[in-house]
Amino acid sequence: MIFGLKLRELRQERGLTPAEMARACDVSVSYLNEIEKGKKYPKADKILSLSKVLGVSYDQLVSLTLSRRLEPISELLQSDLLKEFPLEMFGLDPLRIVELIANAPAKMNAFISTLFEIARNYEMRQENFFLAALRSYQEMHDNYFEELEQDARTFVVEHGVAATTSSPDRAQLERVLTEQYGYTLDRGGLVEYAHLGRLRSVFQPKSRRLLLRQGLSGAQEGFVLGRELAFNYLNLKDRPYVNASFPVRSFDEVLNNFKASYFAGALLMDEETLVRDLTALFAAKTWEPAALLALLTRYDVSPEMFMQRITNLLPRHFGLQSLFFLRFDQANASADYRLTKELHLSRLHNPHGNELHEHYCRRWISVRLLAELRQQPLATGAPAYTLGAQRSLYPNGDEYLCLTLARAGTAIEPAVSVTVGLLCDDTLSQKIRFAADPAIIRKEVNETCERCTIPDCEVRAAAPLEVERRQRQQELQAAIAALVNEA
């Protein structure tokens with residue numbers, strides 16, 4: 001591709017048409033066209049002929065160095081991004097992308113330069129693109145994957161995994177891992193690696209040894225086991241070996257990790273059973289937090305697993321396709337709130353993560369519950385999680401019913417909240433009867449404090465600097481318009 005771009009650029013600089021160039025080098029016009037588009041690479045004798053006609057050396061023509069004008073294209077073509085990015089997943093032909101570059105290199109160069117500049121300004125890395133691609137892939141399928149649901153059901157039948165209450169028995173999952181896939185489980189193996197942080201598990205592929213952190217809850221261990229079973233049962237080769245966010249090596253690794261996590265959720269929370277339980281929950285006329293907490297206990301899964309699982313099922317079985325999922329983390333009581341996971345099936349992308357170092361709206365129930373938990377003294381025997389509901393009204397008129405589960409430890413311990421937001425429309429009112437419960441508080445919210453126009457906000461964490469900047473800009477534009485139009 002680089003050879004073709006360079007050949008095309010040099011030919012145009014010499015003022016030669018494709019026909020003139022082809023005649024001078026004794027090749028057909030169609031063959032020259034395929035070379036310039038990167039579809040064919042000529043033999044050495046043809047390269048020598050091309051270099052003589054263009055007046056450049058053989059080595060200069062075959063080097064991977066492009067002119068300064070086309071450097072960004074060279075950077076893109078030689079990066080892992082084009083090779084790893086799943087263009088086919090979005091119905092894009094990689095050859096078509098290459099053809100676009102070849103047909104209009106200057107314009108594509110400007111476009112690519114713009115993308116690189118945006119990525120640098122927002123400190124975006126390759127893995128950010130991969131994760132964004134994964135989220136888009138989930139949105140394209142409404143976050144429901146029939147083949148993975150069927151795989152989980154087939155696994156249960158093939159391996160005779162029986163359910164205790166509503167979830168498979170973890171001892172049976174462990175049995176399949178050890179007997180079928182040759183695993184060795186070590187529940188104390190991470191004790192000596194405290195410096196690695198709070199890793200829940202590490203898989204050592206050479207020895208097929210699974211190191212588990214001591215003190216994992218049953219829900220946490222069940223998810224780890226389910227994930228490992230998925231990597232083996234689904235034959236997912238490219239995979240992470242730890243259950244934490246580390247720099248990824250390829251998009252296949254990101255996609256396979258998602259598939260394994262989805263499989264684990266489907267395995268631990270059977271589709272048919274959970275849909276039946278959610279139908280009963282949504283039929284209540286009043287908001288009953290205890291009923292949702294009871295489901296969490298019944299399935300013996302973490303709040304994040306449960307909330308992510310219902311985002312799989314709500315679009316398919318309840319017609320609730322306009323929803324979002326958010327996970328917030330706070331390292332300690334004085335740390336910033338970090339939006340560490342988000343998914344928007346609504347395609348409205350509000351609320352969303354920001355890379356502008358601004359302060360998330362403190363009226364979001366995701367953040368509000370964490371702040372309230374931090375102010376409360378820890379009580380012995382208190383519930384592990386706090387659950388809340390809120391109807392959030394955004395400046396664009398969209399209103400969401402937000403259901404949030406949050407947990408916070410001591411002031412020096414981390415806190416986390418997970419939220420599912422459902423667009424308030426006719427479908428919601430038909431499917432979730434408690435959505436209209438007046439006991440659920442309704443709040444005006446915004447994106448960040450810096451962009452918020454709510455007067456006298458009781459929880460504002462920063463001045464509305466962006467609002468003030470825009471107002472000054474509007475005043476300046478109005479003054480300039482008046483001056484220009486002055487008689």
Side-chain angles (χ1 to χ4, degrees), residues 1-120 124-130 132-133 237-238 247-255:
M1 184 66 219
I2 291 176
F3 181 91
L5 285 172
K6 182 180 291 186
L7 181 65
R8 179 191 181 102
E9 184 181 34
L10 289 170
R11 175 181 62 77
Q12 291 175 338
E13 285 179 357
R14 304 305 189 262
L16 296 171
T17 66
E20 291 170 339
M21 182 76 180
R23 189 164 50 251
C25 298
D26 194 24
V27 298
S28 68
V29 175
S30 60
Y31 180 62
L32 179 65
N33 185 50
E34 288 186 314
I35 294 174
E36 290 190 351
K37 289 185 175 181
K39 293 182 177 180
K40 288 190 176 180
Y41 193 84
K43 293 182 179 179
D45 61 328
K46 294 298 181 186
I47 296 175
L48 185 60
S49 177
L50 291 167
S51 66
K52 287 180 178 178
V53 171
L54 294 171
V56 297
S57 69
Y58 181 100
D59 290 341
Q60 184 180 346
L61 195 56
V62 299
S63 77
L64 293 178
T65 304
L66 279 170
S67 66
R68 184 175 181 181
R69 188 171 64 93
L70 299 179
E71 275 180 2
I73 292 177
S74 176
E75 185 179 346
L76 174 67
L77 293 174
Q78 297 186 69
S79 74
D80 290 333
L81 183 61
L82 194 62
K83 291 184 287 184
E84 297 286 356
F85 198 81
L87 296 171
E88 298 92 340
M89 185 181 293
F90 298 95
L92 299 173
D93 182 356
L95 288 177
R96 178 60 181 150
I97 302 297
V98 168
E99 208 167 292
L100 286 172
I101 295 174
N103 287 336
K107 292 180 180 178
M108 286 299 294
N109 174 68
F111 176 67
I112 293 166
S113 297
T114 302
L115 292 182
F116 282 154
E117 185 66 23
I118 292 171
R120 279 191 290 267
M124 294 179 70
R125 302 177 300 276
Q126 179 173 284
E127 63 191 273
N128 297 122
F129 285 100
F130 290 160
K237 299 300 184 184
D238 291 332
V248 295
R249 296 166 293 182
S250 68
F251 179 76
D252 282 343
E253 183 177 295
V254 172
L255 181 61

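The first residue of the sequence shown is numbered 1, and numbering continues consecutively from there.
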| query | Closest approach of V53 and C25, non-hydrogen atoms and distance? | reply | CG2-SG, 3.6 Å

| said: Quick check: closest heavy atoms across S63 and I2, and the distance to 0.1 Å? | reply: O-CG2, 4.4 Å

| Qualifying side-chain hydrogen bond (donor to acceptor under 3.5 Å, both in side chains) pairs with a residue from residues 43-53, counting only residues at least two apart or across chains | none

| field | Qualifying residues under side chain to side chain donor-acceptor pair (under 3.5 Å), relative to S57, sequence neighbours excluded | value | none

| NZ of K40 to CD of E34: how many Å apart, nearest 0.5 Å? | 4.0 Å

| message | If you define the side chain from C-beta out and look only at heavy atoms, does anything of M21 sit under 4.5 Å from L54? | response | yes

| said: Do R14 and V56 make a side-chain contact, defined as non-hydrogen atoms from C-beta onward lying under 4.5 Å apart? | reply: yes

| From L50 atom CG to L10 atom CG, the distance as rounded to the nearest 0.5 Å | 10.0 Å

| request: State the CD-CG distance between E253 and D238, to the nearest 0.5 angstrom. | output: 7.0 Å

| field | Separation between CG of D26 and OH of Y31, rounded to the nearest 0.5 Å | value | 11.5 Å

| request: Quick one: closest heavy-atom pair of I47 and Y58, and the distance? | output: CG2-CE1, 3.5 Å

| Would you call V27 and I35 a side-chain contact if the rule is heavy atoms closer than 4.5 Å? | no

| request: Mind checking the CG-NZ spacing from L7 to K37? Nearest 0.5 Å is all I need. | output: 14.0 Å

| request: Output the distance between atom CE (M1) and atom CD (E36), rounded to the nearest 0.5 Å. | output: 10.0 Å

